[in-house]
Visitor: 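Would you mind keeping the following structure in view while I ask a few things?
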Amino acid sequence: MLQFNVLGPLAIKRDGREIAVPRGPKVRQLLSLLVLHPGTVVSHESLVDELWSKEPPKTALSTLRTHVYHLRKILREESGGTALPGLLHTWSAGYVLRAAPDQVDAETFRRFARDGEALLNAGELEEGARVLARALDLWSGGVLTDVMCGPVLTQYVQHLEEVHMRVLQQRIGAEMQLGHHGHLAAELKSLVTRHPLNEWLHGQLITALYRSGRRGDALQAYQKLRGILQEELGLDPSRALQHMQRVILSGVDGETIAMIQNGTQRSSSTLSRLPQAG
């Protein structure tokens, strides 16, 4: 069975063995958009918009058919001539990749994300964190890192990256509630380096350090955030984080810090549905 991966470089595997993907940039765009809609017809309009944006050539539809022909040929050749018949099916309105959701890593990620969130809402923090970690483990870099994305794919890439951050924050929040402060501190240090303007992550780092008995490091982490925000945006940390700093200076217990930290997230993404191809 074929497996399609988009949570990192574009990849196709058959029975665990990676096969070559198309080299042509537009054929890769075509394949990527179809993979993100397994079992669903993607319209000619969406495909043309992705490949040529707002300036399609007069021969756009015939050129699109040529790209589809090459994609079918590559899938057949790279799978040893055993690609499933009708894997890439033509409809009057467009094309559909006949693949089940569990053949696409992005769909599996979204399923784990929903399941993990439901477990957290039911109060099953440990199991919820484990399922969310499984979702995050599916990622091997940014979405479609080796594909030249047009306007349609860019929307999907941005959405998936927002959901990834949401799931990451949910997993970290659950592990913080479980008391895993010590081992989270190192991960959070790496995360705030990659996402320097994410106050929620900074707040979690400050909390993890303080609740691990590292009061001085927690205060240094606050000062570092303050410097970043002032230099990049001309802003001070949120009121909740400022309050957290004052509480740390006063030396109160870690439980109070945790209660304050829960209010530091200014906004978050939701697990909304991806926009449908027109």
Visitor: Should we count CD of Gln223 as having more than 12 external heavy atoms under 6.0 Å?
Guide: yes

Visitor: Can we say Glu124 and Arg130 salt-bridge, meaning some charged N sits less than 4.0 Å from an Asp/Glu carboxylate O?
Guide: no

Visitor: Show the numbers, then the answer: is there a salt bridge (charged side-chain N to carboxylate O under 4.0 Å, His left out) between Arg111 and Asp102?
Guide: CA-CA 9 Å; Arg111 176 168 58 84; Asp102 61 2; over 6 Å; no

Visitor: Determine yes or no for a side-chain-to-main-chain donor-acceptor pair under 3.5 angstrom, with Ser190 supplying the side chain and Ala186 the backbone.
Guide: no

Visitor: When you check the gap from the basic side-chain N to the acidic O, do Glu117 and Arg166 get nearer than 4.0 Å?
Guide: yes

Visitor: Is it true that His70 and His67 have ring centroids separated by less than 6.0 Å?
Guide: no

Visitor: Do the non-hydrogen side-chain atoms of Trp200 and Gln169 ever get within less than 4.5 Å of each other?
Guide: yes

Visitor: Measuring from His202:NE2 to Leu205:CG, what's the distance to the nearest 0.5 Å?
Guide: 8.0 Å

Visitor: Which heavy-atom pair separates Leu119 from Gly128 by the least distance, and what is that distance?
Guide: CB-CA, 3.7 Å

Visitor: Quick one: do Gln230 and Asp236 satisfy side chain to side chain donor-acceptor pair (under 3.5 Å)? Show the steps, please.
Guide: CA-CA 6 Å; Gln230 288 185 339; Asp236 288 323; 2.8 Å; yes

Visitor: For the atom pair OG (Ser140) and CG (Asp105), what is the distance rounded to the nearest 0.5 Å?
Guide: 7.5 Å

Visitor: Does the pair Arg72 and Thr90 meet the rule for a side chain to side chain donor-acceptor pair (under 3.5 Å), with working shown?
Guide: CA-CA 11 Å; Arg72 285 191 174 118; Thr90 302; 2.7 Å; yes

Visitor: Using only atom types and a distance under 3.5 Å, with no angle test, would you say the side chain of Gln29 pairs donor to acceptor with the backbone of Met148?
Guide: yes

Visitor: Determine the minimum heavy-atom distance between Ser32 and Leu10, stating which atoms define it.
Guide: OG-CD2, 3.7 Å

Visitor: Nearest 0.5 Å, please: how far is CG in Leu153 from CZ in Arg28?
Guide: 11.5 Å

Visitor: First locate atom CE of Met176, then atom NE2 of His181, and finally report the distance between them rounded to the nearest 0.5 Å.
Guide: 4.5 Å

Visitor: Examine distances only and state if a side-chain atom of Lys26 and a backbone atom of Leu51 form a donor-acceptor pair shorter than 3.5 Å.
Guide: yes

Visitor: So how far is it from Glu175 CD to Leu125 CG, rounded to the nearest 0.5 Å?
Guide: 10.5 Å

Visitor: Do Tyr156 and His37 pair up side chain to side chain, a donor and an acceptor below 3.5 Å, judged on atom types alone?
Guide: yes

Visitor: Taking atom CG of Leu249 and atom CZ of Arg215, what is their separation to the nearest 0.5 Å?
Guide: 6.5 Å

Visitor: Could you pull out all residues at least two apart from Phe112 that satisfy ring pair (Phe, Tyr, Trp, His ring centres under 6.0 Å)?
Guide: none

